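Keep in mind the model is a prediction, meaning the values are calculated, not measured. Just so it is clear, the values below take in all heavy atoms, side chains as well, and ignore hydrogens, waters and symmetry mates. Naming: A, B, ... by sequence-line order, numbering from 1 per chain.
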2 protein chains.
Amino acid sequence: MGMNPTVKDIAAKLNLSTSTVSRALTDHPDVKKETKRLVLKLARELDYQPNPIALSLKKNRTYILGVIIPETSISFFSKAISGIQEVASKAGYQVMICSSHDSVDIERQNVQTLLNSRVDGLIISVSRETQDVNHLARILDKRLPTVFFDRICEELQSTQVVADNFAITFRATEHLITTGRKRIAYIAGPQNLYNSRKRLEGYKAALQKYKLPIDDDLIIASHYEGENVKTYTDYLFNLNRQIDAIFAINDRTAIEMIHLIKQRQVKVPEDIAVVGFNNERFSAFFDPPLSSIDHPAFEMGKTATELLLQHIADDQFPIQKKVIKSDLIIRESSFKS
Amino acid sequence: MGMNPTVKDIAAKLNLSTSTVSRALTDHPDVKKETKRLVLKLARELDYQPNPIALSLKKNRTYILGVIIPETSISFFSKAISGIQEVASKAGYQVMICSSHDSVDIERQNVQTLLNSRVDGLIISVSRETQDVNHLARILDKRLPTVFFDRICEELQSTQVVADNFAITFRATEHLITTGRKRIAYIAGPQNLYNSRKRLEGYKAALQKYKLPIDDDLIIASHYEGENVKTYTDYLFNLNRQIDAIFAINDRTAIEMIHLIKQRQVKVPEDIAVVGFNNERFSAFFDPPLSSIDHPAFEMGKTATELLLQHIADDQFPIQKKVIKSDLIIRESSFKS
DNA sequence: CTGTTAGCGCCTTCAC
DNA sequence: GTGAAGGCGCTAACAG
């Protein structure tokens, strides 16, 4: 094994004490210029790197941030991770990521794992199953700096970073209404998730504003990644309610629905307008190009991390609720001029 | 701060020495049953968790695996990460991920960062820019267990996990040829990457087998994520070579090309057949559904990690080269029955 | 300016 | 069975 050199090794070769070497290495003023020069020279030659484990033990800080998200391979979260990494690494922090796979049980384990690892702070987006939040409350009790993002827990007093869920679905629904749609189906996410609730509220509020009826039959509570899309689609057509628009909780669902709608010889957007959510990289190239909502994943990750670092630096840093703006991208699936 | 209890704390409360407590906690045989019971009980009450930092310092192992990949948010790599995490966490390892953002300079930093963090092993997929591999050779010199996957370095003597790049492009090209295509354009990845080279070889070999000419004008060396797709497409049409098929290095490029081809009133697959690479989640729902190659990302991540863990457990474990099979998924963009 | 001592939390001889 | 001592690598307080 190419063992790493230690302060002791350097001290021995130079006939110095470890303290002097340590001081020279950390640029302490009380070291003779010549001594410092020698130490630094040898350190470079040996490719000395301070052992972060030893430093952690001493300083009781690991310079590691823990992240708990439902799934690394979901595009929203993988982009958020990019944002988290960017801010963290600039600040000299490492990141340790755990996926809950949308299971509370695994989420509980993740919390335990990261607490055991003595991370300096935590960034969390809760699982789809999370209702009981005791394991999360425990973190806050320990006063470990923590930021929730996207899938937050409203009942927990902590810093949060969310998208403008209500406003953006309101705006997208309004877009459908003002372009002449009247019976707009809504494929909702699981209603225990903060996001999904707020988004559904935005949809309903827009209908109300324009005095359109809220028809519960047209609201489908789906799972996250568009399972059973065929079932929903068949259901909507069998209703015989002459729906003229569909607003889906994610692009995956929207795209599969368009596929199924076209198979029925129904036209998009002429007969049915479709809007998705997430603005996936491919959505612009569909036929027709998919209107969607740009969910600011990268920026949410960045902001969450910035806030977390401030909490770590200052334990008096006040709790914050940050809202990141989403963007409605109108393409041909919802409106053809 | 909710300070974590230590062995010392438990020892003090029980009027025992730290050694005894330590022994009780690690289930050492030389401890009186009653003593052990008391220690375990108190440990549970205080929610004692051993400090992994201290353990690391002692054992000179961190139980952390380092991962260096080009970009967390590219779907292939985010799926590979899932596979890595799955195996690692089952074995009690944490994972520390760094993105090189396809830059050698950042990759060098990543190596340094992870070496400094004293990870127990390393999983690497090199950046697009990586030509000089000194920084990677250094890792092997240190005898740090390391596995390369997908984007490997052929010149480095180390364990590797790759897809059957040659075989699968050969097979896809053969599929195009046997369904009647003769002038097949190929959008290649950067040729310094192992994958891209092997794939291009597979394409050429298939043409040769069927005695079709290799026309360099039809081979375009692109970047990873389909930049300049419009330029390539215009170029191919302006060639006036009557191309009847396109094999693209990724689905993103394939899909955008189909979009552009359709705008020219040219039909897919009747006039031009298209095959992509990666089998993205959306590709089945395009119009027409995209033929693609299923690149076994998750499994490659799993396999790489399993091999790494074996290297860590046994430093005599011999170097391995594993090939994971890809799958050709034929949909309507390449063949309509 | 430099060295000695002590301690971060844990485990592992060695001694009784 | 149990305790005391020492050390993993580093730094900070205390002496000179």
Inset, instruction - Find out whether Gln112(B) and Gln109(B) are in side-chain contact, i.e. whether some heavy atom of one side chain is under 4.5 Å from a heavy atom of the other. - result: no

Is [Y] paired with [X] through a side-chain N to carboxylate O contact shorter than 4.0 Å?
{"X": "Glu299(A)", "Y": "Lys302(A)", "value": "no"}
{"X": "Asp102(B)", "Y": "Arg151(B)", "value": "yes"}
{"X": "Asp105(B)", "Y": "Arg108(B)", "value": "yes"}

Counting any heavy atom closer than 4.0 Å, what does [X] reach on the DNA or RNA strands: base, sugar-phosphate only, or nothing?
{"X": "Asn51(B)", "result": "sugar-phosphate"}
{"X": "Ser19(A)", "result": "base"}
{"X": "Ser56(B)", "result": "nothing"}
{"X": "Ile53(B)", "result": "nothing"}

Would you mind reading off the distance between [X] atom [atom1] and [N] atom [atom2], rounded to a whole angstrom?
{"X": "Asn4(B)", "N": "dC10(C)", "atom1": "CG", "atom2": "C1'", "result": "14 Å"}
{"X": "His28(A)", "N": "dC10(D)", "atom1": "NE2", "atom2": "C1'", "result": "15 Å"}
{"X": "Leu57(B)", "N": "dG6(D)", "atom1": "CG", "atom2": "P", "result": "18 Å"}
{"X": "Lys58(A)", "N": "dG7(C)", "atom1": "NZ", "atom2": "P", "result": "10 Å"}
{"X": "Gln49(A)", "N": "dC10(D)", "atom1": "CD", "atom2": "P", "result": "11 Å"}
{"X": "Asp9(B)", "N": "dC8(C)", "atom1": "CG", "atom2": "P", "result": "10 Å"}

Legend entry - Nucleotide nearest Thr6(A) (side chain, heavy atoms from C-beta), chosen from dG9(D), dC10(C), dG3(D): dG9(D)

Legend entry - Out of dG3(C), dT2(D), dC10(D), whichever nucleotide has its closest atom nearest the side chain of Lys32(B): dT2(D)

Legend entry - Upstream residue (5' side of DNA chain D) when Val21(B) and Lys59(A) are each assigned their closest nucleotide: Val21(B)

Inset, instruction - Using heavy atoms to find the nearest nucleotide of DNA chain D for Ser22(A) and Thr18(B) separately, return the residue whose nucleotide is more 5′. - result: Thr18(B)

Legend entry - Side chain Arg118(A) and base dG9(C) donor-acceptor under 3.5 Å: no

Legend entry - Identified side chain to side chain contact (heavy atoms under 4.5 Å, CB included) counterpart of Val67(B) within the set Ile84(B), Ile124(B), Thr72(B): Ile84(B)

